[in-house]
Structure formats: C-alpha cells, structure tokens
Chemist: 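Just dropping this structure here.
Order of the sequence lines fixes the chain letters, A, B, ..., with proteins taken first and strands second; residue numbering starts at 1 for each chain.
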Amino acid sequence: MVDLRYIQDHFDAASDRLLKKGVDREILSELQGRFAKLKEANAALEAAQAEQNRLSKLFGVYKREGRDIGELKAKVDANKAAIAPLQETARTAESALRELALTVPNFPDLSVPDGLDEADNVEIRKVLTPREFAFEPLEHWALAERNGWIDFERGVKLAKSRFAVLRGEAARLERALINFFLDRNRRQGFEELYVPFLSNSTMLQGTGQLPKFADDLFKIEDEDLYLIPTAEVPLTNMYHDEILREDQLPVLMTAYTPCFRKEAGSAGRDTRGVIRQHQFDKVEMVAIAHPDTSDAVFEMMVQHASDLLTELGLPHRLVELCGGDLGFSAARTIDLEVWLPGQNTYREISSVSTTRDFQARRAMIRFKDGKKNRLVHTLNGSALAVGRTLVAIMENYQNEDGSIETPEALKPYL
RNA sequence: GGAGAGAUGGCAGAGCGGUUGAAUGCGGCAGCCUCGAAAGCUGUUGUCCGGGCUUCCCGGACCGGGGGUUCGAAUCCCCCUCUCUCCGCCA
C-alpha cells in the first residue's frame with residue numbers, strides 16, 4: 001500500500017511519480033479525499049467516545065457513592081445514541097478508503113526510466129556472447145519433440161491447455177536445476193525453506209496479488225485458499241504482522257515451489273512450448289531488508305541471478321524496466337533475459353524487484369529501530385525460473401543432430 | 001469426519017462486569033555492583049490510529065474474528081475461525 005500521508009503532504013510529487021505507472025491524477029485526488037474524510041469521521045467519533053468513557057466512569061462513582069443516577073443516565077443514553085451513526089460513518093469512510101488504497105500501485109523510484117511498455121525498457125548490459133551456430137538452431141519445442149522430452153498432448157489430457165509433462169532426461173534436468181539453484185542460493189546466504197503451495201487471501205493481499213488480480217489466481221473451491229502464483233507470497237509473508245529485531249536484518253530466504261497462474265489476458269501468446277504455462281517451477285529469493293541498506297541487497301540479488309546464468313553458460317542481458325512495465329508492487333525491477341537462439345531473441349528468465357515499504361505496509365512487516373517500529377523493505381527475485389532455464393539449455397546447448405549437451409555445472413546434479 | 005478442551009502482551013500464565021491496557025514469572029532494555037562478566041538489586045518494557053509545545057504528552061481503538069446484552073465487557077450471551085487431546089481415516 002502506498003503511504004497515504006505522503007500523498008496527503010506531497011500530492012504533486014506523488015501523482016507525478018504514479019503517472020509513470022499510468023495512474024490517473026484523479027485517482028490520487030480521490031484517495032486523498034477519502035483519507036481526509038476518514039480522519040474527519042474518526043475525530044468526531046473519538047470525541048464522542050471520550051465523552052462516553054468519561055460519563056461511564058462517573059456513573060460508577062455515583063453508584064458507589066449512592067448518588068442519584070437519573071440525570072446522568074439520560075445524558076449517557078443521549079450520547080450513546082449519538083455514537084452509533086458516527087461509528088457507521090467512520091466505518092464506511094474506512095472501507096471506502098481501504099478499497100481504493102489497495103488498488104493503487106506502488107510508486108516507481110525516481111530513477112526508473114519513463115516509458116509505456118516493454119519497448120521502453122533500458123538494457124543495462126549483456127553477459128556472455130551467444131554462440132555461433134553452424135546450422136539453423138531449433139526452437140525448444142522442436143528439440144523437445146525430437147528427444148521425447150516434453151509430452152504436450154498428455155499434459156493437456158491430464159489437465160488442460162498450457163500444461164505439459166516432462167519426460168525422462170527433461171524431468172531429471174528439471175530436478176537437477178532446482179537442486180542447483182537452491183544450493184547456490186544457500187551458499188549466497190539465503191535460508192532454504194519449504195513452504196505451503198496454497199496461501200490465504202490475507203497473505204495474497206499482503207504481497208499485492210489481491211484484491212486487484214484475483215483473475216490471475218487459481219482458487220480452491222469453498223476455501224479461503226489460492227494456489228500460489230510465486231513463492232514470493234509465502235516467503236515475504238513469513239513475517240506478516242511481525243516485528244523483527246534490527247539485528248535480524250536482512251532476512252534472506254529461498255524456496256523452490258511450483259507456481260500457478262491463470263494467464264488470463266495472455267491468450268494467443270507463447271502458445272507453443274513451455275514458456276508460458278499454468279504451472280511452472282521456480283526457485284525464488286526473498287529479502288526482508290533494512291530500508292537504509294536494501295539497495296545493496298537489491299544489487300546483490302541481481303548479480304547473484306546473473307551469476308547463476310553465467311555458471312550455466314547461458315548468455316543473457318540485464319534490463320531495467322520502465323515505469324509502464326513495472327509490476328503493481330514494484331518500485332524498481334531489473335529483468336534478466338536469457339538468449340534463446342531458436343527464437344533468436346532474449347526472453348525473461350528472472351525478475352528482481354524491490355517493493356520498498358509497499359508490501360511491508362500491506363503485510364505489516366516491521367523492525368525495531370531503537371524505540372520506534374519502522375517498516376522494512378521487501379525484495380524478491382527469481383533464481384531462477386526453472387522451466388525457462390530448461391528451455392534455454394535446450395536451445396543453447398543443442399547439436400546439429402538435435403541432441404542436447406549438459407552444462408558443466410549441472411553434471412554433479414545428474 | 002466424530003467427541004472434548006482451549007484461544008489474554010515477545011514467551012509462560014492470572015484476571016468477582018467498573019481506576020485492568022491488563023497481576024506474576026521469564027525474556028528484552030537502562031542503571032547500580034564488578035577490572036570485566038555472571039549472580040543480585042532498582043527501574044523500565046504491547047500495537048494501531050488521530051492530535052499536540054513531537055527523545056515526551058493527550059485522546060481513541062485493540063485481550064483469535066464478528067455480532068449482542070449493559071451507562072460500562074478480557075470478564076455474560078450467540079456465530080465463525082483456529083489450536084490442542086482422544087477416536088476414525090490416511091502418506
């Protein structure tokens with residue numbers, strides 16, 4: 001959630017920043033109005049409540065002293081009657097504010113480049129040079145077919161479209177990659193966790209998937225539970241509604257989980273292959289960081305994700321997302337895009353974001369800074385998307401006969 | 001799924017319907033003591049919101065969640081959720 005006081009006190013700066021994400025000034029203005037209305041309603045309510053408390057206390061004293069209650073009772077009844085509508089007003093104002101506030105995306109950092117979409121993202125650097133092929137490299141689905149690695153038809157039969165079955169070597173490679181990533185993340189200082197693959201609505205609201213993006217989630221019928229779209233949800237919410245000690249920061253966590261997304265709105269995109277599935281494996285990093293040092297943690301996470309690709313010998317580039325391409329909760333995001341020779345293009349394989357205090361405010365994750373409680377910063381990043389790594393290995397390590405080499409770094413895992 | 005018990009501050013654990021935002025213990029913090037530490041002693045120590053003369057003061061709310069009774073609810077009543085124990089089922 002955005003800082004309402006910041007909007008109240010620095011309206012122009014706030015609306016300028018949100019303009020980068022395409023948020024209309026009117027919406028902020030409405031938000032500001034609802035915030036003011038709530039404060040007004042609360043002030044009136046609290047004054048009446050204070051009076052009620054005063055009278056009630058007096059009531060007790062009168063009774064003890066055996067004095068006549070009659071007049072006081074009339075007063076207290078009148079005041080009580082006045083409280084009810086004030087309470088209703090305050091409650092309405094509260095939910096009106098909340099409803100809107102939860103749908104307003106995070107402020108982009110000032111450093112975030114302007115732009116509307118993907119096309120305006122800024123390349124930071126390329127790592128490793130794509131190899132020269134003496135033949136026409138195939139796309140991964142063609143390679144998968146040749147090697148019998150992916151059973152698309154049966155995935156569809158078992159579930160529906162955008163599900164697939166990995167077979168034999170591909171299944172083993174998938175498992176090897178998960179272990180490889182977890183080991184490297186652990187070596188980097190991330191605690192390995194194994195978490196529930198279902199989360200309740202409170203947690204999803206904490207990280208920002210709800211209430212706005214319910215359409216992207218698979219929900220369990222008759223339960224307040226959803227299949228997680230990313231391990232960011234359980235990992236970040238590990239400290240939901242908790243107050244950490246300063247010396248615990250930064251908390252670095254990593255977990256492997258499958259991720260489930262409805263991919264509503266991406267009909268027709270990436271329909272071939274396994275680039276975009278309803279279920280995919282991902283190893284995620286999450287950091288709960290001190291606000292003063294979270295930038296360093298961000299850099300570390302970007303570098304670490306990049307190092308993983310380098311160790312696997314996968315050429316990639318780092319891209320700074322422009323304002324229009326930033327996700328709902330992100331203040332700043334760097335994508336890592338891996339080279340896919342079959343598609344002759346770079347495709348996202350990791351996304352590292354800082355949400356600053358946006359998720360922390362929603363999820364109430366704080367730390368003791370001296371006597372005061374301060375919001376932490378939360379960061380997340382894939383390290384890495386497993387399915388897409390498998391795709392990248394297939395395309396980059398293919399031979400002319402369609403066979404696929406194993407990256408050196410993975411050999412101990414197979 | 002069936003039966004029972006319970007949910008209170010960081011933890012443990014009290015709490016006749018009215019100075020109880022909550023005893024006590026532990027933990028944490030500060031001070032004393034000490035060369036230093038331990039032990040001991042003294043004090044202090046919840047969260048959120050609003051306001052103010054903004055290292056502090058004032059007001060409001062919060063004892064799993066929601067509703068009710070009452071001038072007044074942690075305390076009484078109802079509903080929900082969750083946890084624990086036993087049984088059943090199960091990897």
Side-chain angles (χ1 to χ4, degrees), chain A residues 1-9 31-102 194-206 210 219-226 234 237-249 251 258 288 357-376:
Chain A
M1 200 156 67
V2 287
D3 184 354
L4 293 172
R5 277 180 173 274
Y6 177 73
I7 293 172
Q8 173 191 269
D9 298 338
L31 190 64
Q32 192 186 34
R34 292 189 191 187
F35 185 45
K37 208 167 254 177
L38 173 65
K39 288 212 294 196
E40 197 182 313
N42 273 339
L45 172 65
E46 283 169 17
Q49 284 173 327
E51 177 67 1
Q52 188 74 359
N53 288 342
R54 193 180 67 83
L55 293 175
S56 286
K57 238 170 222 174
L58 208 58
F59 198 100
V61 175
Y62 273 37
K63 262 203 136 163
R64 208 172 309 130
E65 294 176 352
R67 292 166 67 175
D68 180 51
I69 297 299
E71 201 180 324
L72 186 59
K73 171 96 164 87
K75 251 170 123 175
V76 94
D77 281 343
N79 193 59
K80 192 187 180 187
I83 286 181
L86 291 173
Q87 209 146 29
E88 193 47 41
T89 307
R91 191 176 305 196
T92 307
E94 161 97 57
S95 57
L97 173 67
R98 207 174 159 67
E99 193 185 358
L100 183 62
L102 286 174
Y194 180 84
V195 298
F197 299 161
L198 301 180
S199 274
N200 62 46
S201 58
T202 306
M203 301 305 125
L204 284 153
Q205 191 170 91
L210 290 178
K219 187 177 189 308
I220 305 296
E221 203 173 357
D222 298 328
E223 298 265 8
D224 180 35
L225 288 171
Y226 299 78
N237 282 297
M238 277 289 291
Y239 295 96
H240 189 286
D241 204 26
E242 292 193 29
I243 300 170
L244 294 150
R245 295 188 320 273
E246 189 170 1
D247 63 31
Q248 288 179 275
L249 303 177
V251 178
I288 310 281
D357 61 13
F358 183 82
Q359 290 179 328
R361 187 174 292 104
R362 286 175 161 247
M364 287 301 274
I365 308 170
R366 292 156 294 163
F367 73 99
K368 273 271 180 244
D369 186 15
K371 285 190 134 183
K372 291 235 184 345
N373 295 324
R374 266 177 87 185
L375 294 168
V376 298

Chemist: Considering Watson-Crick and G-U wobble pairs with both distances under 3.5 Å, what does B/U20 pair with?
Modeler: none

Chemist: Categorize A/Asp77 for me: base, sugar-phosphate, or nothing, with a 4.0 angstrom heavy-atom threshold over every strand shown.
Modeler: sugar-phosphate

Chemist: Between atom CG in A/Asn42 and atom P in B/G51, what is the gap in whole Å?
Modeler: 10 Å

Chemist: Could you identify the nucleotide paired to B/U81, looking across every strand shown and requiring Watson-Crick or G-U wobble geometry with both distances under 3.5 Å?
Modeler: B/A7

Chemist: Check whether any side-chain N or O of A/Arg5 sits under 4.0 Å from OP1 or OP2 of B/C49, and answer yes or no.
Modeler: no

Chemist: In whole angstrom, give the distance that lies between atom CG of A/Asp241 and atom P of B/G10.
Modeler: 10 Å

Chemist: Rounded to whole Å, please give me the gap between CD in A/Glu40 and C1' in B/G51.
Modeler: 15 Å

Chemist: Can you tell me, in whole Å, how much space there is between the C1' of B/A74 and that of B/C89?
Modeler: 39 Å

Chemist: What N/O pairs connect the protein and nucleotides 57-61 of chain B at under 3.5 Å? Give each pair on its own line.
Modeler:
residue : atom : partner : partner atom : Å
B/G59   : N2   : A/Glu46 : OE1          : 3.0
B/G60   : OP1  : A/Asn53 : ND2          : 3.0
B/G60   : O3'  : A/Gln49 : OE1          : 3.4
B/G60   : O2'  : A/Gln49 : OE1          : 2.7
B/A61   : OP2  : A/Asn53 : ND2          : 3.4

Chemist: In Watson-Crick or G-U wobble terms, both distances under 3.5 Å, what is the partner of B/C62?
Modeler: B/G46

Chemist: Please measure how far the C1' atom in B/G67 lies from the corresponding atom in B/A12, and state the result in whole Å.
Modeler: 32 Å

Chemist: If you look at every strand shown and take non-hydrogen atoms under 4.0 Å, does A/Lys368 touch a base, only sugar-phosphate, or nothing?
Modeler: sugar-phosphate

Chemist: For B/G4 versus B/G13, give the span between their C1' atoms, rounded off to a whole number of Å.
Modeler: 23 Å

Chemist: Check nucleotides 63-70 of chain B against the protein and report each pair of N or O atoms closer than 3.5 Å, with its distance, or say if there are none.
Modeler:
residue : atom : partner : partner atom : Å
B/G67   : OP1  : A/Arg91 : NH1          : 3.0

Chemist: Inspect the surroundings of CD in A/Glu99 and state if more than 12 heavy atoms from other residues, nucleotides or ligands are less than 6.0 Å away.
Modeler: no

Chemist: Any ion pair linking A/Glu51 and A/Arg54 (charged N to carboxylate O, less than 4.0 Å)?
Modeler: yes

Chemist: Base contacts versus sugar-phosphate-only contacts with protein, heavy atoms under 4.0 Å: please encode nucleotides 73-83 of chain B as B, S and - from 5' to 3'.
Modeler: -----------

Chemist: Just how far, in rounded Å, is C1' of B/U45 from CD1 of A/Ile243?
Modeler: 13 Å

Chemist: With a 3.5 angstrom cut-off on both distances, give the Watson-Crick or G-U wobble partner of B/C76, or none if there isn't one.
Modeler: B/G68

Chemist: Between B/A3 and B/U20, how many Å separate the two P atoms, rounded to a whole number?
Modeler: 42 Å

Chemist: For A/Gln8, I'd like to know if atom CD has over 12 heavy atoms of other residues, nucleotides or ligands within 6.0 Å.
Modeler: yes

Chemist: Taking atom C1' in both B/G59 and B/G65, what distance in whole Å separates the two?
Modeler: 26 Å

Chemist: Looking at A/Asn79 and A/Ala48, what are the two nearest heavy atoms and their distance?
Modeler: ND2-O, 3.2 Å

Chemist: Could you tell me whether a side-chain N or O of A/Glu46 sits under 3.5 Å from a main-chain N or O of A/Ala43, the two making a donor and an acceptor?
Modeler: no

Chemist: In whole angstrom, what separates A/Ile365's CD1 from B/C48's P?
Modeler: 14 Å

Chemist: Calculate, to the nearest 0.5 Å, the distance between atoms NZ and CD1 belonging to A/Lys80 and A/Ile83 respectively.
Modeler: 9.0 Å

Chemist: For B/A37, which nucleotide in any strand shown is its Watson-Crick or wobble partner with both distances under 3.5 Å?
Modeler: none

Chemist: For A/Lys219, does the NZ atom have more than 12 heavy-atom neighbours from other residues, nucleotides or ligands under 6.0 Å away?
Modeler: yes

Chemist: Taking the same atom, C1', in B/A73 and in B/C77, what whole-Å distance lies between them?
Modeler: 11 Å

Chemist: Between atom CG in A/Leu375 and atom C1' in B/U47, what is the gap in whole Å?
Modeler: 13 Å

Chemist: Could you tell me if the side chain of A/Asp3 sits less than 4.5 Å from the side chain of A/Asp357, heavy atoms only?
Modeler: no

Chemist: Is there side-chain contact between A/Asn237 and A/Thr202, with at least one heavy-atom pair below 4.5 Å?
Modeler: no

Chemist: State, yes or no, whether a side-chain contact exists between A/Gln52 and A/Val76 at a heavy-atom distance under 4.5 Å.
Modeler: yes

Chemist: Just how far, in rounded Å, is C1' of B/C11 from CD of A/Glu242?
Modeler: 13 Å

Chemist: Applying salt bridge (Lys or Arg N to Asp or Glu O under 4.0 Å), can you list everything that pairs with A/Arg5, at least two apart in sequence or on another chain?
Modeler: none

Chemist: Tabulate below the donor-acceptor pairs under 3.5 Å that side-chain atoms of residues 362-370 of chain A make, not counting sequence neighbours, or state none.
Modeler:
residue  : atom : partner  : partner atom : Å
A/Arg362 : NH1  : A/Gln205 : O            : 2.7
A/Arg362 : NH1  : A/Leu210 : O            : 3.2
A/Arg362 : NH2  : A/Leu102 : O            : 2.3
A/Lys368 : NZ   : A/Asn373 : OD1          : 2.7
A/Asp369 : OD2  : A/Arg374 : NH1          : 3.0

Chemist: So which protein N/O to nucleotides 15-22 of chain B N/O distances come out below 3.5 Å?
Modeler:
residue : atom : partner : partner atom : Å
B/G18   : N2   : A/Ser56 : O            : 3.1

Chemist: Is the shortest heavy-atom distance from the side chain of A/Tyr226 to the side chain of A/Leu198 under 4.5 Å?
Modeler: no

Chemist: Calculate, to the nearest 0.5 Å, the distance between atoms CG and OG belonging to A/Asp224 and A/Ser199 respectively.
Modeler: 10.0 Å

Chemist: Using the P atom on both, measure B/C63 against B/A7 and round to a whole Å.
Modeler: 14 Å

Chemist: Would you mind classifying the nucleic acid contact of A/Lys75 as base, sugar-phosphate or nothing, using non-hydrogen atoms under 4.0 angstrom?
Modeler: nothing

Chemist: Provide the Watson-Crick or G-U wobble partner of B/C86, both distances under 3.5 Å; none if there is no partner.
Modeler: B/G2

Chemist: Quick one: does A/Thr89's side chain get under 4.5 Å of A/Leu45's, heavy atoms only?
Modeler: no

Chemist: Does a side-chain N or O of A/Arg361 approach OP1 or OP2 of B/C48 to a distance below 4.0 Å, or not?
Modeler: no

Chemist: So which nucleotide does B/C53 pair with, by the Watson-Crick or G-U wobble rule with both distances under 3.5 Å?
Modeler: none

Chemist: When you compare B/G21 with B/C26, how far apart are their P atoms, in angstrom units rounded to a whole number?
Modeler: 25 Å

Chemist: Roughly, in whole Å, what's the span from CE in A/Met1 to C1' in B/C48?
Modeler: 12 Å

Chemist: Mapping A/Asn373 and A/Lys39 onto RNA chain B by nearest heavy atom, which one lands closer to the 5' end?
Modeler: A/Asn373

Chemist: Is any side-chain nitrogen or oxygen of A/Asn79 closer than 4.0 Å to OP1 or OP2 of B/C71?
Modeler: no

Chemist: Is any side-chain heavy atom of A/Arg34 less than 4.5 Å from a side-chain heavy atom of A/Leu38?
Modeler: no

Chemist: Between A/Lys37 and A/Phe35, is NZ or CZ placed under 6.0 angstrom from the six-membered ring centre and within 45° of the ring axis?
Modeler: no

